[in-house]
Amino acid sequence: MTLTIRKATGADGAAVSRICLLTGDAGKSAEHLHDYGELIGLTYAVPYLKLPTTWAFVLVDEAKNNAVVGYILGSKDTRAYEKYAAEDWWPVLAEKYPPSIAKTPADVRYTNLFRSMYTAPDANIAFAAAHLHIDILEEYQGQGWGRKLISTAIEYLRGENIAGEGVWLGMDPRNIEARGFYSRLGFKRIEGADGNQLGIKFAEYTDRAAE
């Protein structure tokens with residue numbers, strides 16, 4: 001198995017969307033929850049290949065014809081990202097996916113989100129401007145690639161003059177394994193936010209933190 005990390009391109013959209021679906025139920029596949037499986041990826045993955053302020057890296061399996069098997073992506077300026085998305089991303093999806101098409105609870109949730117997307121808590125923005133999402137297909141987990149993706153992202157963000165000199169994420173409280181992973185890396189609960197909002201300052205991160 002030969003895996004590499006590279007910068008993502010717009011051509012990776014279908015792959016990252018698929019990975020988002022296959023890890024979308026607390027780290028497990030969310031396929032059974034959706035009739036429209038693309039909705040979750042259009043929310044948490046694909047816009048980070050399209051909109052201003054965003055960045056993305058993908059994990060590639062060279063032995064499988066360079067298939068994308070994981071990703072880490074996000075925004076360097078969350079409030080600016082939210083503004084761009086509110087103007088140019090969510091309205092397009094709201095028109096394409098009206099709530100009337102949704103039959104499953106998950107599809108109902110996402111079609112409604114496109115019409116009223118939440119924004120990041122102020123406490124998160126006070127901690128740092130940048131946020132991230134990370135997902136890896138299950139068969140590639142537990143091999144150190146999550147840490148390597150985090151390291152790649154932080155190395156990149158350190159050179160981007162990020163307000164607050166850190167990065168944060170929101171996690172599914174059901175995903176206990178992910179919480180342990182982030183804890184080992186040094187992510188901590190953000191003061192003033194709920195317990196599922198975790199962040200780390202660049203100066204506190206070391207590449208060996210999860211080993």
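Small disclaimer: the values here were computed from a predicted structure and weren't measured.
- Between Pro91 and Ala85, the shortest heavy-atom contact is CD-O, 3.7 Å.
- Ionic pairing of Arg189 and Asp194 is not present here: no N-O contact between side-chain nitrogen and carboxylate oxygen is shorter than 4.0 angstrom.
- For Gln143, the CD atom sits in a packed shell: over 12 heavy atoms of surrounding residues, nucleotides or ligands are nearer than 6.0 Å.
- A heavy-atom distance below 4.5 Å is found between the side chains of Arg115 and Pro98.
- For Thr78 against Ala130, the heavy-atom pair with the smallest separation is OG1-C, 4.0 Å.
- Residues Leu93 and Met117 share a single hydrophobic cluster, defined by chaining ILVMFWY side chains whose heavy atoms lie under 4.5 Å apart.
- Ring geometry for Tyr44 versus Tyr118: interplanar angle of 30 to 60°, hence tilted.
- Side chain of Trp89 to main chain of Leu42: a donor-acceptor pair is present (N/O by atom type, distance under 3.5 Å, no hydrogens or angles).
- When the side chains of ILVMFWY residues are joined at heavy-atom separations under 4.5 Å, either directly or via intervening members, Phe114 and Ile101 end up in a single hydrophobic cluster.
- For Tyr84, the OH atom counts as loosely surrounded, since its 6.0 Å shell holds 12 or fewer non-hydrogen atoms of other residues, nucleotides or ligands.
- The side-chain contact (heavy atoms from CB on, under 4.5 Å) check on Glu155 picks up nothing, with sequence neighbours excluded.
- The shortest heavy-atom contact between Ala128 and Gly166 is CB-O, 3.3 Å.
- Of the charged side-chain nitrogens involved, none lies within less than 4.0 Å of a carboxylate oxygen, so that Arg18 and Asp135 do not count as a salt-bridged pair.
- Atom CG of Asp172 has more than 12 neighbouring heavy atoms from other residues, nucleotides or ligands inside a 6.0 Å radius.
- Taking the ring centre of Tyr182 as origin, the terminal cationic atom of Lys188 falls outside the region bounded by 6.0 Å and 45° from the ring axis.
- Nearest heavy atoms, Gly24 versus Ala30: C-CB, 3.8 Å.
- Summarising the geometry of Pro47 relative to Gly41, their closest heavy-atom pair is CD-O, 3.8 Å, with the distance given to 0.1 Å.
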Please lay out, stage by stage, how Glu165 and Lys76 fare under the test salt bridge (Lys or Arg N to Asp or Glu O under 4.0 Å). CA-CA 10 Å; Glu165 291 295 315; Lys76 295 179 283 188; over 6 Å; no
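- Note on Ile150 and Leu198: same hydrophobic cluster, where clusters join Ile, Leu, Val, Met, Phe, Trp and Tyr whose side-chain heavy atoms are under 4.5 Å apart, directly or indirectly.
- Here Leu51 contributes atom CG and Thr53 contributes atom OG1; the two are 7.5 Å apart, rounded to the nearest 0.5 Å.
- Surrounding CD of Glu191 are at most 12 heavy atoms belonging to other residues, nucleotides or ligands under 6.0 Å away.
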Intermediate values then yes/no, side-chain hydrogen bond (donor to acceptor under 3.5 Å, both in side chains), Thr111 and Tyr36: CA-CA 10 Å; Thr111 56; Tyr36 295 87; over 6 Å; no
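- Looking only at side-chain heavy atoms (C-beta outward), Lys64 and Asn66 stay at 4.5 Å or farther from each other.
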Given Tyr205 and Arg158, is the side-chain contact (heavy atoms from CB on, under 4.5 Å) satisfied, shown in steps? CA-CA 11 Å; Tyr205 180 80; Arg158 278 173 170 156; 4.1 Å; yes
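- Residues Val69 and Trp145 are not in side-chain contact: their nearest non-hydrogen atoms beyond the backbone lie 4.5 Å or more apart.
- A donor-acceptor distance shorter than 3.5 angstrom exists from the side chain of Thr43 to the backbone of Leu39, with no hydrogens or angles considered.
- Annotation: the span from Asp35 atom CG to Lys103 atom NZ amounts to 8.0 Å, rounded to 0.5 Å.
- Contact of the Tyr97 side chain with the Glu38 side chain is registered, since non-hydrogen atoms from C-beta on lie closer than 4.5 Å.
- Side-chain contact between Leu169 and His133 is absent, with no heavy atoms from C-beta onward closer than 4.5 Å.
- One finds the OG1 atom of Thr23 at 11.0 Å from the NZ atom of Lys28 (value rounded to the nearest 0.5 Å).
- Interatomic distance, Glu62 CD to Leu3 CG, rounded to the nearest 0.5 Å: 8.0 Å.
- Looking at heavy atoms from C-beta onward, Val16 lies in side-chain contact with Leu49 at the 4.5 angstrom threshold.
- Annotation: side chain of Leu73 is not in contact with side chain of Thr54 (no heavy-atom distance under 4.5 Å).
- A donor-acceptor contact closer than 3.5 angstrom is absent between the side chains of Ser75 and His131.
- Nearest approach of Val108 to Ala102, heavy atoms of both residues: N-CB, 3.5 Å.
- Between Tyr71 and Tyr48, the distance from one ring center to the other does not fall under 6.0 angstrom.
- A donor-acceptor contact under 3.5 angstrom links the side chains of Asn196 and Arg179, judged on distance only.
- Classification of Arg6 and Asp12 as a salt-bridged pair holds, one side-chain N sitting under 4.0 Å from a carboxylate O.
- In this structure, CG on Leu157 lies 8.0 Å from CG on Leu132, to the nearest 0.5 angstrom.
- Taken from OG1 in Thr104 to CZ in Arg109, the straight-line distance is 11.5 Å, to the nearest 0.5 Å.
- The closest donor-acceptor contact from the side chain of Thr152 to the backbone of Lys148 lies under 3.5 Å.
- Under the 4.5 Å side-chain criterion, counting only non-hydrogen atoms from C-beta, Ile136 is in contact with Leu149.
- Tyr81 and Val46 fall within a single hydrophobic cluster, where Ile, Leu, Val, Met, Phe, Trp and Tyr are joined by side-chain heavy atoms under 4.5 Å apart, directly or via other members.
- The pair Glu204-Lys201 does not meet the salt-bridge criterion, since no charged nitrogen lies less than 4.0 angstrom from a carboxylate oxygen.
- Aromatic ring orientation, His34 versus Tyr110: tilted (interplanar angle from 30° to 60°).
- Follow the hydrophobic side-chain contacts under 4.5 Å out from Ile72 and you reach Phe181 in the same cluster.
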